Each structure stands twice: as structure tokens, then as C-alpha cells.
Amino acid sequence: MNTHHTFPGIAARAARTDATGSIPPENWQDLKDSGYLRLFPPPHLGGTGADAATQVQAMEALARACSGTYWSATVSALLCAKLISTYGDERHHRLIRPLLTGDRLAAFAIGEPAAGSDPATYRTTVRPTGNGYTVNGEKSRITNAPNADLAVTLARRDKPADDTGPDWCLAFVDLNQPGVRRYDIPHMGLRGMPWGGIVYTDAHIDESDVIPLPFTELAEGMTWGWLLVSIAAVATAESALTASVRHARRRISFGRPLAHMEGVQAQLADSRTHIDAARLLAHRGAAERVAGASARDLIGMLKIYATEMSVQVTARAVQIHGATGVTQGHEVERHYRDAQMNVIGAFATNRLREQIAEHLGLGPAVYRPFDWLTPTGLTHDPVSLDGLTTG
């Protein structure tokens, strides 16, 4: 693949993709023709085994062209393919190859309607039957859920009494079967990205496609998702900065271009600095990860910094564009919405902060019941300026 590919066709269709909430078929054809989907796995799995720099450059190029298309394609070809190859074996190569050709699409089904990053609340369960396994439960707010062919599903194991194995598993579930229902969820940003839920009702899984796994080990595989989201954030911020510089040069206010105003210059300079810092961290994290190191803490820090930085940069872009920046359909308005999604996507940054703090030697974040509201007075209804309670 040409590392300087800018995906011009996908970029030209980005506004339409966002407006319609659907990735056009032409985008998938462009992805197949470019070789993007084959960048990540090694050659024996049908990939190209590209080096880290090539992967990051291509990922950022696609994310700049269209964030929704990037998310859908990269969750399938990078995150899901890596999860299958990391925790599966040669029997599962058959699941990876169609993801790299674009003939099939995968989803990573982890979150549930009443649960985000807290696995204690997950209820989806896999249990053995006479001819394999069945899965029951509901996964929600999942990229590619509405139209994926395969779901890499995190589930609890319904274990026999003599089974001392892990309580969790990854189940590779064929979604094109009875017992599977999908639905869409409207979302603020990344509108082109398919997003929704999967309901399992005694859906079948082959015995070989259920991989027992300690939950703590899953975080290693999920690190690819943190990297995916971080690069999306860098790309969104870069696009917002490009639009801001272009607007600042053209827009005349009080007899001079916005670019000649000190306040605008400071905002643009800050954005340039923060984006480049995140990009350097992304290249470092990807290099370590592709070389075989975990880089989990490094990429966790990247996910926090890059996604929150992108929100700040796109907010500056909106301010520089003024009313134009909050006009529906404008590219900056789209980038602002997309940036918000990255902060939550893959793993909320606040939870990542707790994990990084734990790895600094602070120990796990243990909750002990404590009434911190009463001493502060926050249990009382707030009083408005006119002396009346608002409750």
C-alpha cells in the first residue's frame, strides 16, 4: 500500500457518509483496492505485515478521510483480527482471512445495555450443549453490530462443577444465523460507523470457537483498540486544525485576516503542538506494540491524551469558525462530534486513568462505602439566586 495514500474518494464522500449515517459501497471497494485491510496481520494469515510506521500513516490517512469508515474498517481488520489471532489458533485462520479481503465484517461485542467498562455487570453467558455451545445475552453500543458477519464476543462461562478454568471466554459467533437479532442505535458522532446492539437467544457456537480466558488477560488484546481510537483522535484534530488555518487565512475581521490576530495565532500554535505530541506518542506506542512488546501503559496514556486533546482542538476550531463552526453539515461541526466519541470509545479515559495509577504502585481503586455528600451540604436542594430552591 502507498503510505502516502489520502483516500480521495472516501474523503469526497465523507460529508454524505455522515449525513446519511451509512458507509457507501464505494468506500469498501476503495479499501479493498488500496490494500488497507491487509496491513496488520502477517503474510501467513493473508496480511502484508507492514511495519509500524506504515500502519500508523495509513490509519491516520483513512481516519482523516472519513472517521466513520475508519472505525468500521479498522475495528474489523485490526482489532478483531488481532483478538482472533492472539487468543485463537490455526483453526481460526479461516475467520481472519475474509476480514482482510473485505468479504466479511467483524464486531467486538463487549459492552452491554447496563454496563460499560465494569465487567462485574456483564450477563451474556455461554453454556455447553450436546453439539457445541449456545450464547444468550445482549451486547450494546457495539461498532459494526448492525451489519457484521462475525462477533468476537466476551461472555461468562456457564461451567460444570468440575471445571476450574477461567470464568470468562471469547466466543467467535456467526451472526448470520437464527438466534441473533441486531439493531441500530442513533449516535452523535461517527455517524457513518454502524453502531448498535446484538441480542443472542440460544445462538450456536462451534466448540472450537469458544476460548476460555481470564478477564485480566483480555486487556492485552484490547490495547489494539486503544491505539485505533488514539490515531482516530489525532486524525480528527489534524483535520480540524487544517480547516482552522484555512479559515483564519481567508476570514477578514476588523480589517485584517483572523490569522493576524494574536489570540487566534495562540490557539493554532497550541493545537499544532498538542497534535504533534500525540502523533509522536502514537508512533512510539505502535512501534513497541508491532515489535511484540505490550506497551499497554504507554498506549493507555496515549488514549487519554490524544482523545481529550482532540476535543480541545476541535473546540478551538469551532471558536475560530464562529457561527459557521456550529452549522450542521460543516466539516468542523462534524469533527467536533466525532472527537467526543473517541473519548468514550474502546475504554473511557477516566477508567484508563485508574489503571495507570494502579500500575504506578497505588494499588487498585477500592470502593469503601462513605457518606461524602452530607458533610458538604450537597444533599440539600440547591438555592438559586432569588432564594428559591430549584428542586
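Below, all heavy atoms of this structure are taken into account, side chains as well, without hydrogens, waters or symmetry copies. When a residue number appears, it is its place in the shown sequence, counting from 1. All values derive from a computational prediction rather than experimental measurement.
- By the 4.0 Å N-to-carboxylate-O rule, D338 lies too far from R191 to be salt-bridged with it.
- Side-chain atoms of R289 do not come within 3.5 Å of backbone N or O of I299 as any donor-acceptor pair.
- For Y336, the OH atom is loosely surrounded, since the number of other residues' heavy atoms within 6.0 Å does not exceed 12.
- With hydrogens and angles ignored, the 3.5 Å screen pairs no side-chain donor or acceptor of T236 with any backbone N or O of A339.
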Full working for side chain to side chain donor-acceptor pair (under 3.5 Å) between E354 and N350: CA-CA 7 Å; E354 292 178 357; N350 283 341; over 6 Å; no

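- Using a cut-off of 4.0 Å between Lys/Arg side-chain N and Asp/Glu carboxylate O, R127 and D202 are scored as not salt-bridged.
- Between R279 and E60 there is a salt bridge, since a side-chain N of the basic residue sits under 4.0 Å from a carboxylate O of the acidic one.
- For the pair K139 and Y122, the cation sits on the ring face: its NZ or CZ lies under 6.0 Å from the ring centre, inside 45° of the axis.
- In this structure, V180 and I198 approach most closely via the heavy-atom pair CG1-CG2, 4.0 Å.
- Taking a cutoff of 4.0 Å between a charged side-chain nitrogen and a carboxylate oxygen, E207 and R91 do not qualify as a salt bridge.
- Ion pairing between E331 and R246 holds under the 4.0 Å rule for side-chain N and carboxylate O.
- For the pair H247 (side chain) and A243 (backbone), a donor-acceptor distance under 3.5 Å is absent.
- Panel note: side chain T327, backbone A323; a donor-acceptor pair is recorded below 3.5 Å.
- Taking the ring axis of W224 as reference, the NZ or CZ atom of K82 stays within 45° of it and closer than 6.0 Å to the ring centre.
- The local environment of CZ in R94 is crowded, with over 12 non-hydrogen atoms from other residues, nucleotides or ligands closer than 6.0 Å.
- Counting non-hydrogen atoms of neighbouring residues, nucleotides and ligands closer than 6.0 angstrom, the CD atom of Q177 exceeds 12 such neighbours.
- Of the possible donor and acceptor atoms, none in the side chain of D206 sits under 3.5 Å from a partner among the backbone N and O of S208.
- The two residues A233 and S310 make their nearest non-hydrogen contact at O-OG, 3.0 Å.
- Aromatic ring orientation, F215 versus W168: tilted (interplanar angle from 30° to 60°).
- Residues T124 and E138 bring no donor and acceptor atom of their side chains to less than 3.5 Å of each other.
- Between the CD1 atom in I110 and the OG1 atom in T143 there is a gap of 12.0 Å [rounded to 0.5 Å].
- The CD atom of E90 sits 12.5 Å away from the OG atom of S85 when rounded to the nearest 0.5 Å.
- By the 4.0 Å N-to-carboxylate-O rule, K159 lies close enough to D167 to be salt-bridged with it.
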Evaluation steps, side chain to side chain donor-acceptor pair (under 3.5 Å), between T349 and Y305: CA-CA 9 Å; T349 57; Y305 178 73; over 6 Å; no

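- Aromatic rings of F172 and H92 (six-membered ring for Trp) have centroids within the 6.0 Å cut-off, being under it.
- The pair R97-D103 does not count as a salt bridge, with every side-chain nitrogen at least 4.0 angstrom from each carboxylate oxygen.
- Around the CZ atom of R156, the shell of radius 6.0 Å holds more than 12 heavy atoms that belong to other residues, nucleotides or ligands.
- A salt bridge is defined here as a Lys NZ or Arg NE, NH1 or NH2 lying under 4.0 Å from an Asp or Glu carboxylate O, and R296 with E288 fails to meet this definition.
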Steps toward side chain to side chain donor-acceptor pair (under 3.5 Å) verdict (T242, R64): CA-CA 11 Å; T242 299; R64 288 203 64 186; 3.2 Å; yes

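- Side-chain contact annotation: T125 with N136, donor-acceptor N/O pair under 3.5 Å absent.
- Ion pairing between a basic and an acidic side chain is recognised when a charged N comes within 4.0 Å of a carboxylate O; R141 and E112 show no such pairing.
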